[in-house]
Every structure is written in C-alpha cells, then in structure tokens.
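Here's the structure, in structure tokens; my notes come after.
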Amino acid sequence: MIDILREVGMIERALDSIANKEFKQFNLSNLQFLYVVRIYEHPGIIAEQLANLIKVDRTTLARAVRRLEKQGYVYRENDPKNKKIKHLYVTEKGREIYPFIMRENTHSNEVALKGFTTEEAQQVHDYLVRIRQNIDSDWNFVKHGGKREY
C-alpha cells in the first residue's frame, strides 16, 4: 500500500512551521491564521460550522477563538433569535492582516506546485478533495464518539 498520509503530514507540518514563524509578528500561532481567514471568508459563521470547515474539535476551536478575541482579531455577536448562538466576525485588525495571510498562502501554493502544469495542479487538487471527502465520514463518526474498527 502506498502511504500518502505520511507525505501529506510532512507537508502540513512544514507549512505550519513556516506559517508560525511568518505570522509571529501578528502574535498568531498554531494555525490561528486559518481561523481568521475562514471567519473573514464566512462572516457570521457559527462555531460548529467553523469546526467542521477546519476539521477541529469544539474545545480546540473555542480555545483558539477566545485567544483571537483577546488579541482583537475576531468578535462574537449574539444571534437575534437565539441567544445561545454566537456568530463570528473579524475585526478591523483581522481584516487588515487577511491580505498578508493570503499572500503567504499564494506563495506557499506556488512553491508547492513548482514544475506542475496547470492540469497537473488541478489533478492534485481534485485528488486531495476526494481524499478529504473519503475521510470526512470517519472524522464525523469519531468526532461523535464512534470507534473505528481496523
């Protein structure tokens, strides 16, 4: 069997390490920049939706959002109909760093796809989407207390 997950993991850890160093000037670490980006791109998103989008558990998400609130990058707003629901938005400070984060993302994508044709890059993207979709059901199952059988 071909073990692609090791390669994906090494790529992820390398890019996380780079991002943590490059976003240190904004006091962002441990993928906090990703939360800012997703909230920016989905204004008013609720925590559960954001957790599913990023693929993290609620505890991790809550801790990251609290830290981003304290740092002034995001804020919560009560839902007008249901006070238990909190919508997430980026602040002006969060909007200001979004272009920098996206430039880093574009650069990292260009480096990762160096030497690939447009068609090859699209194929890689499509394969990764399929892999993520294959894993989604297991992620949801385990997230809700299920135990996979090997």
Side-chain angles (χ1 to χ4, degrees), residues 1-24 26-69 71 73-77 79 81-82 84-90 94-95 97-150:
M1 179 176 164
I2 299 169
D3 191 350
I4 60 142
L5 297 181
R6 286 185 187 202
E7 294 298 322
V8 170
M10 285 189 291
I11 294 165
E12 177 194 15
R13 287 186 298 280
L15 291 173
D16 288 351
S17 178
I18 291 168
N20 283 339
K21 290 202 182 296
E22 292 188 340
F23 299 138
K24 190 173 189 152
F26 302 114
N27 202 24
L28 295 175
S29 61
N30 299 325
L31 300 179
Q32 288 178 311
F33 65 91
L34 181 58
Y35 296 85
V36 173
V37 167
R38 294 300 184 264
I39 294 168
Y40 179 96
E41 293 172 347
H42 300 90
I45 194 167
I46 63 172
E48 176 127 6
Q49 294 167 331
L50 184 58
N52 286 330
L53 189 63
I54 297 177
K55 301 294 184 225
V56 296
D57 61 70
R58 287 174 148 190
T59 305
T60 300
L61 179 79
R63 189 172 38 250
V65 168
R66 271 195 310 275
R67 184 163 182 217
L68 289 168
E69 279 183 299
Q71 293 172 295
Y73 288 112
V74 302
Y75 68 95
R76 296 177 214 222
E77 198 171 274
D79 185 273
K81 295 177 184 167
N82 185 342
K84 290 181 180 180
I85 297 174
K86 309 279 190 225
H87 296 276
L88 298 167
Y89 299 92
V90 294
R95 283 190 289 280
I97 66 165
Y98 178 81
F100 179 84
I101 294 169
M102 293 313 295
R103 281 194 307 274
E104 187 281 333
N105 182 72
T106 298
H107 178 76
S108 291
N109 267 302
E110 288 170 355
V111 169
L113 295 171
K114 186 177 175 182
F116 285 75
T117 66
T118 302
E119 294 78 21
E120 289 171 329
Q122 186 63 54
Q123 283 181 320
V124 169
H125 173 269
D126 294 347
Y127 291 147
L128 290 171
V129 167
R130 283 176 52 194
I131 291 167
R132 183 198 32 87
Q133 289 170 338
N134 289 342
I135 292 171
D136 274 352
S137 60
D138 273 10
W139 182 77
N140 279 310
F141 177 68
V142 171
K143 181 180 100 166
H144 291 100
K147 180 151 176 49
R148 300 183 305 166
E149 292 189 30
Y150 307 115

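- Tyr89 and Tyr75 have parallel rings, their planes meeting at less than 30° on a 0 to 90° scale where 60° marks the start of perpendicular.
- In this structure, Arg76 places its CZ atom where more than 12 heavy-atom neighbours from other residues, nucleotides or ligands lie under 6.0 Å away.
- Between Glu48 and Arg58, at least one side-chain nitrogen of the basic residue sits less than 4.0 Å from a carboxylate oxygen of the acidic one, meeting the salt-bridge criterion.
- Evaluation of the ring-ring contact (aromatic ring centres under 6.0 Å, His included) rule for Phe33 yields Phe23 as partners, not counting sequence neighbours.
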Report the C-alpha separation of Phe26 and Phe100 in whole Å, then their side-chain angles, then the decisive distance to 0.1 Å, and conclude whether the ring pair (Phe, Tyr, Trp, His ring centres under 6.0 Å) test is met. CA-CA 10 Å; Phe26 302 114; Phe100 179 84; 5.1 Å; yes
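- Applying the side-chain contact (heavy atoms from CB on, under 4.5 Å) test to Asp126 and every residue at least two apart in sequence or in another chain returns Gln122.
- Tyr98 and Glu41 share a donor-acceptor pair across their side chains, judged by distance under 3.5 Å alone.
- Within the 4.5 Å cutoff, the side chain of His87 has no heavy atoms near those of the Ile45 side chain.
- A distance of 11.5 Å separates CD1 of Ile11 from OG of Ser108, quoted to the nearest 0.5 Å.
- Put simply, CD on Glu104 and CD1 on Ile101 are 9.0 Å apart, with the number rounded to the nearest 0.5 Å.
- For the atom pair CG of Leu5 and CD of Glu12, the computed distance is 11.0 Å after rounding to the nearest 0.5 Å.
- With rounding to the nearest 0.5 Å, the separation of CZ in Arg95 from OH in Tyr40 is 8.0 Å.
- With sequence neighbours left out, Thr59 forms a side-chain contact (heavy atoms from CB on, under 4.5 Å) with Asp57, Arg63.
- Rounding to the nearest 0.5 Å places CD1 of Ile135 at 9.0 Å from OG of Ser137.
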For Asn27 and Gln32: C-alpha separation, side-chain torsions, deciding distance, then whether side-chain contact (heavy atoms from CB on, under 4.5 Å) applies. CA-CA 9 Å; Asn27 202 24; Gln32 288 178 311; over 6 Å; no
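- One finds the CG atom of Asn20 at 9.5 Å from the CG atom of Leu28 (value rounded to the nearest 0.5 Å).
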